[in-house]
Amino acid sequence: MFNDLPLWPARASTGAANVDALYIFLVALSVFMCAAIFTMILVFAVKYRRRPGVAAEQIEGSNALEMTWSIIPMFIFLFIFAWGASIYFRERTPPRDSAEVYVVAKQWMWKLEHESGQRELNQLHVPVGRDVELIMTSQDVIHSFYVPAFRIKQDVLPGRYTTAWFRATKPGVYHLFCAEYCGTQHSGMVGQVVVMEPAQYQAWLSGGPAMPLPAEGEQLFNQLGCSTCHRADSQGRGPSLVGVFGKPVLLEDDRTVLADENYVRESILTPAAKVVKGFKPIMPVFQGLVTDEQVNALVAYVKSLSPPQRGQTANRAAVAP
Ligand code: CUA
C-alpha cells in the first residue's frame, strides 16, 4: 500500500511497517471523525432549522449521552496509547549483539565510526538483515539523525550519548537528514545510508586499512597514561576497568549507577562527577583534551573489557525515557 506514492518514503527497516500502521490508523480515525462531525452539522442544520409556527424544544442534558461520548473515546485513546508505547519501547531498545556505529555530528556533517575501525563522512554502509545500534553525540549544537526509510529520528546532543537502532530489510541507498535546525547550513547536512547484501558489505569492509575501534582506544589508553592508574590487577590508584561495563557501580556517596556509555564518557571528561567508592578524586580532567572521536574509542575499549555484558546495553535503553 502506498509504495508507488512519492509522498511516502520507502519502507526499508523492520520497524517501518509498525510505524506506518499506527500512522495510517491515526489518519483514518481523524478522517472518519471529521467526516462524521461535518455530516452531523449539515444534517442537524437542515433538520432543526427555524420554521414558522414550530417552537424549539429545550433539552436539559443527558447523562447517558455524555457518558457514551466520554467513555468510548477514552478507550480509543487508551488503545492508541498502548499501541504507540509498544512501538516506542521496541524502537528504543537495541537488540543484544547489535553492530555498533559511533556517530559524531557537527556543523554541518555526520562522522561515522564503525566498531571495526572504518570511518565515513555523510555515508553509512550497513549490511541488510543486521541490527545496527547508533551511539551518537554532537561536537557543537543539537542535531537530529533522521532516516525516513527506516522511520527513525533521534536528537543528537552535545555532552552526552543518545542511541537509536534499526535493522535494514532492503538493499538500496536511503536519505539521511539532519532534522533539527542547527545553523545556516542545516539544510545541507544530509547524507546517505547504503544498505548492502552481506557479501558486498564484507567486500566493502575489507577495502582500506582500519584499526578496530577498541584497539585504537587501547592505544590511546596507554598514550594518555590511563593504564598507569587503571591497572587490570586492581593494584592501581584507580579502579580496574575489567568487567566494569554494564554493571552497577557503587559511588563514594553510596549512590549506585549503571556503567553505561554515558557514565564512561562522563568519567573520562569530568572524573570528579562520580567517584567510585574507595577511591580518591585524583584523576585529571580530560574535558577539552580529547576529541569526541577519541572518547568514542576509549568507550569502545572499556566496553571490550567486558564482552559478556553486551546485553546490558539493551536493558539500559529499555528503562531510559
Ligand atoms: Cu545538523 Cu540540522
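Both ligands and their constituent atoms are indexed starting at 1 by order of listing.
Counting only heavy atoms from C-beta outward, the side chains of E293 and Q139 approach each other to under 4.5 Å. For the pair F25/I80, a side-chain contact is recorded, criterion being any heavy-atom separation below 4.5 Å from C-beta on. Looking only at side-chain heavy atoms (C-beta outward), L224 and L289 stay at 4.5 Å or farther from each other. Residues F279 and E252 form no side-chain contact, since every pair of their non-hydrogen atoms from C-beta on lies 4.5 Å or further apart.
Between Y146 and F177, the angle of the ring planes lies from 30° to 60°, which puts this pair in the tilted group.
Put simply, NE2 on H143 and CE on M109 are 10.0 Å apart, with the number rounded to the nearest 0.5 Å.
Distances shorter than 2.8 Å separate atom 2 (Cu) of ligand 1 from the protein N/O/S atoms C178 SG, E180 O, C182 SG, H186 ND1.
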